[in-house]
Number of protein chains: 2
Amino acid sequence: MKPGQRVLFALRKMIVSGEIPDGTRIAEIGTAERFGVSRMPVRTALRTLEQEGLVARLGRRGYAARGPTPTSIEDAIEVRGVLEGLAVRIIASRPIAPAFARKLKACLAQGDALFAGDDFVADDIDRFYSYNLAFHDLLLDASGNSAITVALSRNNHLPLASAGALAVDWDDLASARHHLHAAHQDHHAVAAAILAGQPDEAESRMRRHARAALIPGMMPLVGPL
Amino acid sequence: MKPGQRVLFALRKMIVSGEIPDGTRIAEIGTAERFGVSRMPVRTALRTLEQEGLVARLGRRGYAARGPTPTSIEDAIEVRGVLEGLAVRIIASRPIAPAFARKLKACLAQGDALFAGDDFVADDIDRFYSYNLAFHDLLLDASGNSAITVALSRNNHLPLASAGALAVDWDDLASARHHLHAAHQDHHAVAAAILAGQPDEAESRMRRHARAALIPGMMPLVGPL
DNA sequence: AATGTTCTTATTGGATCCAATAATATCGTT
DNA sequence: AACGATATTATTGGATCCAATAAGAACATT
């Protein structure tokens with residue numbers, strides 16, 4: 001991996017994981033020496049992180065880490081809810097393309113398969129992760145509104161804020177299954193409202209689905225940063 | 001102004017104005033020579049524009065301009081509508097702080113003053129621009145949800161997509177007055193719903209207000225890029 | 001002693017140089 | 001003549017160097 005990408009990913013991970021505490025000052029020179037690279041990749045990385053809202057400018061004295069707080073995560077989840085809500089509203093407001101309906105049902109079938117039996121293993125969480133991501137991406141894509149995707153691209157760097165992040169308890173598979181099953185049922189409800197051509201219903205269902213990620217005390221399953 | 005800012009603003013303006021047609025390839029070297037600067041400010045500017053969605057990477061052959069299309073502008077306006085709708089929903093869902101109520105009324109009073117008389121001059125459009133921006137900023141700020149601001153910061157670089165952009169006919173002041181007055185009345189309706197503690201009403205009013213920018217045939221009044 | 005001014009220093013922004021890489025064109029071979 | 005391999009070139013990414021600027025400290029003056 002190239003130095004620029006490496007520094008960017010490393011800084012991102014350190015900030016969202018709290019390894020770099022919120023408010024910590026991040027200077028170009030010190031960071032460059034720390035990573036053993038030139039100041040240039042650090043500079044570009046900081047610019048990108050600034051766009052993502054993970055660092056804030058400190059006048060002329062460099063940047064400050066803006067680590068995610070419980071409040072900022074809740075805020076981002078709420079934003080995701082309304083944006084994905086808009087996506088499904090748009091879809092439900094228009095005639096449903098047969099190809100889309102087919103893909104949607106096929107996607108849901110993947111989820112159905114996961115909960116067909118009573119057994120639930122750790123790998124199923126990974127499988128649900130893939131299915132969940134596919135479901136949300138499908139809707140975002142079908143809306144045809146690229147501004148939604150652009151607006152969402154920042155939230156996805158915060159843990160728990162992206163659609164691909166799920167709050168599950170890895171140590172209690174029964175609880176995890178229950179939790180993810182509820183999310184899957186949300187998906188069905190949203191899909192039903194879409195296929196029935198009910199924009200309001202689809203939107204409010206999607207909003208509530210987003211807020212379901214706000215279960216306290218759960219360890220986040222964060223996708224690839 | 002520093003070279004970096006200058007190049008960034010110039011490129012942004014050229015792309016959104018169509019001076020650089022959609023799809024045009026933008027290389028670092030050529031652009032740097034064109035502006036008489038080093039490649040470095042061009043590079044940072046292109047990275048920023050990429051984040052804003054105004055240019056897209058072309059593999060290793062530089063970037064391509066992604067000029068705004070009517071569709072992308074409509075999409076961005078719709079996104080702005082739901083995000084600002086969320087902001088006012090949040091405000092209306094909570095107890096109203098007296099200080100906020102005061103500021104809100106003071107802000108609206110600025111607008112009232114603009115339409116008190118029957119005369120309307122070109123300068124009044126500028127004044128409305130300031131008032132309009134203050135109104136939207138006040139609500140965004142009062143919501144306390146910084147994720148909304150972050151998500152919106154990209155849209156605001158597209159003409160007509162930002163809250164500070166207004167579609168007015170500079171040659172027909174009477175028409176402009178009518179148009180802006182309608183927007184001002186929208187503000188009153190939103191404010192009333194907020195102060196009355198009606199989240200649903202406030203949100204839907206705000207959404208409709210955003211869509212009011214979608215009047216075809218009007219010249220955009222774009223704020224400082 | 002307090003405050004204003006100046007000097008030093010830390011830090012960011014820009015420019016130039018060097019390296020890596022991929023696309024393209026040309027030449028050789030079949 | 002066509003296809004493939006190689007070499008050249010165009011272009012981006014990174015490193016180092018230089019300039020501008022602002023913050024902070026120290027000193028002088030009132």
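Here the structure is a predicted model, which is why all the values come from computation and not from measurement. Protein chains get the first letters and strands the later ones, always in sequence-line order, with residue 1 at the start of each.
Rounded to a whole Å, the CZ atom of F35(B) is 17 Å from the C1' atom of dA15(C). In this structure, E33(A) atom CD and dT11(C) atom P are separated by 10 Å, rounded to whole Å. In this structure, the CG atom of L8(B) is 14 Å from the C1' atom of dG13(C), given to the nearest Å. Note: CD1 (I29(B)) to P (dA15(C)) measures 15 Å, nearest angstrom. The CG-P distance, from L58(A) to dG24(D), rounds to 12 Å in whole Å. Atoms CD (E28(B)) and P (dT16(C)) sit 14 Å apart, rounded to a whole Å. To the nearest angstrom, C1' of dT11(D) lies 12 Å from OH of Y63(B).
In this structure, G59(B) reaches neither bases nor backbone, as no heavy-atom distance under 4.0 Å exists between it and the strands shown.
In this structure, R57(A) places its CZ atom where more than 12 heavy-atom neighbours from other residues, nucleotides or ligands lie under 6.0 Å away. Annotation: R34(A), atom CZ; neighbour count of heavy atoms from other residues, nucleotides and ligands within 6.0 Å does not exceed 12.
Across dT21(D), dA23(D), dT21(C), the shortest atom-to-atom separation from the side chain of R60(B) is found for dT21(C).
At dT12(D), none of the side-chain N or O atoms of R57(B) fall inside 4.0 Å of OP1 or OP2 (strictly under the cut-off). Distances shorter than 4.0 Å separate some side-chain N or O of R61(B) from OP1 or OP2 on dT24(C).
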Might you work through the side chain to side chain contact (heavy atoms under 4.5 Å, CB included) test for S130(B) and L133(B), ending with a clear yes or no?
CA-CA 5 Å; S130(B) 299; L133(B) 210 60; 5.9 Å; no
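For H179(A) and H184(A), the ring centers are positioned 6.0 Å apart or more.
Taken from CG in L46(A) to CD1 in I26(A), the straight-line distance is 6.0 Å, to the nearest 0.5 Å. Taking CZ of R207(B) as the start and CG of L83(B) as the end, the distance is 9.5 Å to the nearest 0.5 Å.
Remark: S38(A), R39(A), M40(A), P41(A) in residues 38-52 of chain A come within less than 4.0 Å of DNA chain D through at least one heavy atom.
Note on ring orientation: taking the six-membered ring where Trp is involved, the planes of H187(B) and F135(B) are parallel (angle under 30°, cut-offs 30° and 60°).
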